[in-house]
Amino acid sequence: MAETKASGKPVPRVDEESKGYWEACARHELYVQRCRDCGTVRYYPRALCPTCLAADPEWVLSSGRGTVYTYTVTYQNLAPGFRESVPYVLAYVELEEGVRLLTNIVDCAPDAVRIGMPVEVTFDDLTADTSIPKFRPVS
Amino acid sequence: MGFGRQVVIAGVYEHPTRWAPEKTQYRIHAESARGALADAGLGIGDVDGYFTSGVSQMGILSLADYLNLQPRFLDSTSIGGSSFVAHVTHAAAAIGAGLCEVALITYGSTAASERFAVGTGGGFGGDPPDQFEAAYGPTVVGAYALAAQRHMHAYGTTSEQLAQVAVTTRRHAGLNPAAKFRDPIAVDDVLASRIVSAPLHLLDCCIISDGGGAIVVTTAERARDLRRPPVYVLGGAEACCHTGAGHRDLTDMAASQSGPRAMSMAGVGHATVDMCMIYDSFTITVVMTLEALGFCGRGEGGAFVSEGRIGLGGALPINTDGGGLSSNHPGMRGIFLVIEAVKQLRGECGVRQVPDCRIALCHGTGGTLGLRHSGATLVLGRG
C-alpha cells in the first residue's frame with residue numbers, strides 16, 4: 001500500500017525488487033527490464049522474467065518517448081489528493097521499448113489528449129526522494 | 001466432459017432490499033440463505049458446503065460461525081464481482097468429486113447505506129503492482145474507461161452505441177418491481193448525464209445499492225424430491241486478464257478464454273443460447289463481453305447492441321432484471337446473474353419472461369477491465 005504525503009496523494013512504497021527503478025526515477029531516468037535469457041522486455045519491474053522465470057534482468061534505459069495507447073479524463077475521484085486534482089488524464093503510454101505503462105499525461109489541456117499522440121517522459125517529484133514518471137506531449 | 005455427476009441449482013433467492021441501513025451485511029447473508037434454502041425445500045442443517053466472498057480475508061469463517069454451519073467444504077474465492085459465478089462452478093466440481101452434497105453460496109452488502117464510493121474512491125491494496133499505479137489516480141470507472149476509449153479508437157464504437165445498453169437495461173428494470181431505477185431513459189439522457197471518467201457518463205455506470213442473494217447447488221438425484229424444478233449446471237469456466245508484463249491488448253478480456261471453454265463443456269453453440277446475464281458494471285463491459293464470448297465479431301459489439309437484439313423480444317435478451325445499471329449493484333453483482341438466469345429457466349419471470357427459455361449463459365467480470373480482471377462463465381439449462 002502506498003504511503004500518504006502531505007497533499008494526500010499516495011507515494012509508491014518501494015520494495016527490494018523495485019528499488020533500482022525508483023532510484024533511477026529519483027534521478028529523472030526511466031528504466032525498463034529486459035530478460036538476459038529470453039530477451040523479453042517487461043514492465044513493471046520484477047525479480048523473475050514472467051516469460052521464462054530467469055532471474056537477474058538487464059536494466060535498459062528508456063528513451064522516455066512513446067505514444068498514448070489509451071487514456072481517460074477523470075472528472076470524479078473522491079480519494080484524498082485526487083479530489084482536488086480533477087480533471088486529470090490517466091493513460092497507458094506505449095514506450096519505444098515496446099511496453100505499456102500506466103501514467104498521467106500532463107502539461108496540456110485534458111481535452112487535447114489523443115490516442116497515438118507522441119509523448120515524452122517528465123518527472124513529478126512527489127517527495128525529496130521519490131519521483132514518478134509522467135508524460136507530456138512532444139514539443 | 002462434465003462435473004462427474006449431474007449438478008443442479010435447486011434454490012435461489014434475491015434479497016429484495018436496495019437500501020437497508022437498519023441491517024448488517026451478515027443479516028443480509030442470513031436472510032438470503034433462508035430464502036434460497038426455503039426455495040429449495042431444504043434446511044440450514046442440510047448444508048455441507050459453503051461459499052462466499054466480499055467479506056474480510058477470513059470472513060467466511062466468521063460467516064460460518066454466524067450461521068452456525070459445519071461445512072465439509074469451504075471456498076471464499078475472491079476474484080471480484082464475478083466470484084459468485086465462479087463459486088457455482090467450484091461447487092459443481094466439489095459436488096461432482098463427492099466433497100460435499102448441498103452447497104450454499106451467499107452474498108450480502110450494505111454498500112449504499114454505508115456510502116462506499118465503489119467506483120470513484122481509492123481502495124487499492126498493497127499488492128506489488130500498486131506502487132506503479134496508485135499514484136496516478138486510477139479509479140474503477142477510470143480503469144474501465146481506458147478500455148472503452150481504446151475500443152472506440154480501434155473499432156469506431158460510439159457513446160450512442162454504449163448508451164443503448166443503459167437504455168435497454170432500464171427498460172427491463174421497468175418490468176422488475178424490485179429494481180432501484182425504473183423510469184425509462186433515452187440515449188440522449190445518457191449522453192447528457194455528467195462525465196465521470198471520459199468517455200463514460202454517469203448513466204454508463206452501474207448504480208450502488210444494498211442487497212444480497214443466495215444459491216443452493218446439489219446433485220440431480222438429491223434435487224429430485226425438492227420443491228423446485230432443477231436447473232442444470234452444464235458448463236463453467238474462468239480466466240483472468242491483466243497487464244501482461246506491459247504487453248496487454250486492452251480490447252481483449254477474460255471472457256474470450258472462459259466463454260468458449262464453458263460453452264464447449266456444456267456442448268452448446270451460440271444459436272442455442274436463449275438469454276444472457278452479462279455483468280454490466282459499465283455499458284462498455286457489456287459490449288466487450290458480447291464480443292469476447294463470440295456472439296458477434298471483435299469490434300461489432302456497438303452495432304450488435306444497437307439493433308434491438310439485446311432487449312426482451314430480441315434475438316438475445318440480456319440482463320432482464322434491469323442489471324447493475326438499473327436494478328441493483330451492492331459492489332459485487334455475480335450472484336444476481338445466476339439468480340435471474342435460474343428464474344428465467346424456471347419460467348418465473350412474469351412480464352419479463354423470455355419465452356421458452358431453455359439455455360441461459362451468465363458471464364461475470366470482476367476487478368477492473370483496464371488493470372486486472374477475472375471472467376467467469378456459466379452455462380445453465382432447464383431439465
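A, B, ... follow the sequence lines: proteins, then strands. Residue 1 opens every chain.
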>> One thing to verify: whether B:Asp189 and B:Arg170 come together as a salt bridge, which I'm taking to mean a side-chain N less than 4.0 angstrom from a carboxylate O.
In response: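 Salt bridge between B:Arg170 and B:Asp189, a charged N being under 4.0 Å from a carboxylate O: no.
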
> Between A:Glu120 and A:Arg65, is there a side-chain N and carboxylate O pair less than 4.0 Å apart?
Replying inline: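 No.
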
>> Counting heavy-atom pairs under 4.5 Å with chain B, which one of A:Thr70, A:Val89, A:Asp15, A:Thr74 comes out on top?
In response: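 Of the options given, most contacts go to A:Thr70.
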
> For chain B, which of A:Leu101, A:Thr72, A:Leu95, A:Val99 has the most heavy-atom pairs under 4.5 Å?
Replying inline: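 Winner by heavy-atom pair count: A:Thr72.
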
> Which atom pair, heavy atoms only, marks the closest approach of B:Tyr136 to A:Pro133?
Replying inline: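 That closest heavy-atom pairing would be OH-O, 2.7 Å.
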
>> Looking at B:Gly323, is its backbone amide N or carbonyl O close enough to the side chain of B:Ser326 to form a donor-acceptor pair, meaning the two atoms are under 3.5 Å apart?
In response: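 No, because the side chain of B:Ser326 does not come within donor-acceptor range (under 3.5 Å) of the backbone of B:Gly323.
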
> Does B:Gln161 reach the main-chain N or O of B:Thr158 with its side chain, forming a donor-acceptor pair under 3.5 Å?
Replying inline: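 At least one qualifying donor-acceptor pair exists.
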
>> For A:Tyr71 and A:Tyr92, I'd like to know if the aromatic rings sit close, meaning centre-to-centre distance below 6.0 Å.
In response: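 Not under 6.0 Å, so no.
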
> How about B:Phe282 and B:Tyr144: are their ring centroids closer than 6.0 Å?
Replying inline: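 For B:Phe282 and B:Tyr144, the ring centres are under 6.0 Å apart.
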
[X] versus chain B, heavy atoms under 4.5 Å apart: side chain, backbone, both or neither?
X       : answer
A:Arg46 : side chain
A:Tyr88 : side chain
A:Pro87 : neither

>> If the test is side chain to side chain donor-acceptor pair (under 3.5 Å), which one of B:Arg333, B:Arg18, B:Lys180 qualifies with B:Ser327?
In response: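 Exactly one option meets the side chain to side chain donor-acceptor pair (under 3.5 Å) with B:Ser327, and it is B:Arg18.
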
> So which of B:Gly246, B:Ala143, B:Ala135 has the largest heavy-atom pair count under 4.5 angstrom toward chain A?
Replying inline: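 So the answer, after comparing B:Gly246, B:Ala143, B:Ala135, is B:Gly246.
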
> Hey, which of B:Leu200, B:Val141, B:Ile195 has the most heavy atom pairs under 4.5 Å with chain A?
Replying inline: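 Top option by heavy-atom pairs under 4.5 Å: B:Ile195.
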
>> Once ring pair (Phe, Tyr, Trp, His ring centres under 6.0 Å) is applied, do any residues pair with B:Tyr155, and if so which ones, sequence neighbours excluded?
In response: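 Once residues adjacent in sequence are excluded, the partners of B:Tyr155 under the ring pair (Phe, Tyr, Trp, His ring centres under 6.0 Å) criterion are B:His151.
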
> Quick one: which residues of residues 103-113 of chain A reach chain B at under 4.5 angstrom, heavy atoms only?
Replying inline: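 Only A:Thr103, A:Asn104 of residues 103-113 of chain A have a heavy atom under 4.5 Å from chain B.
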
>> Under the rule for salt bridge (Lys or Arg N to Asp or Glu O under 4.0 Å), what residues qualify as partners of A:Glu58, not counting sequence neighbours?
In response: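 A:Arg34.
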
> Can you tell me how far SG of A:Cys25 sits from CG of A:Asp124, rounded to the nearest 0.5 angstrom?
Replying inline: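 Between A:Asp124 CG and A:Cys25 SG, I get 11.0 Å after rounding to 0.5 Å.
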
> Does some side-chain heavy atom of A:Ser85 sit less than 4.5 Å from a side-chain heavy atom of A:Lys9?
Replying inline: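 Yes, side chains in contact.
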
>> Over 60° means perpendicular and under 30° means parallel, so tell me whether A:Tyr31 and A:Trp59 are parallel, tilted or perpendicular.
In response: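 Judged by the thresholds at 30° and 60°, the geometry between A:Tyr31 and A:Trp59 is perpendicular.
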
>> What part of B:Arg194 gets within 4.5 angstrom of chain A, counting heavy atoms only: side chain, backbone, both, or neither?
In response: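 The side chain, not the backbone.
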
>> Checking an interface table here. Which of residues 289-297 of chain B come within a heavy-atom distance under 4.5 Å of chain A?
In response: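 Within residues 289-297 of chain B, near chain A: nothing under 4.5 Å.
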
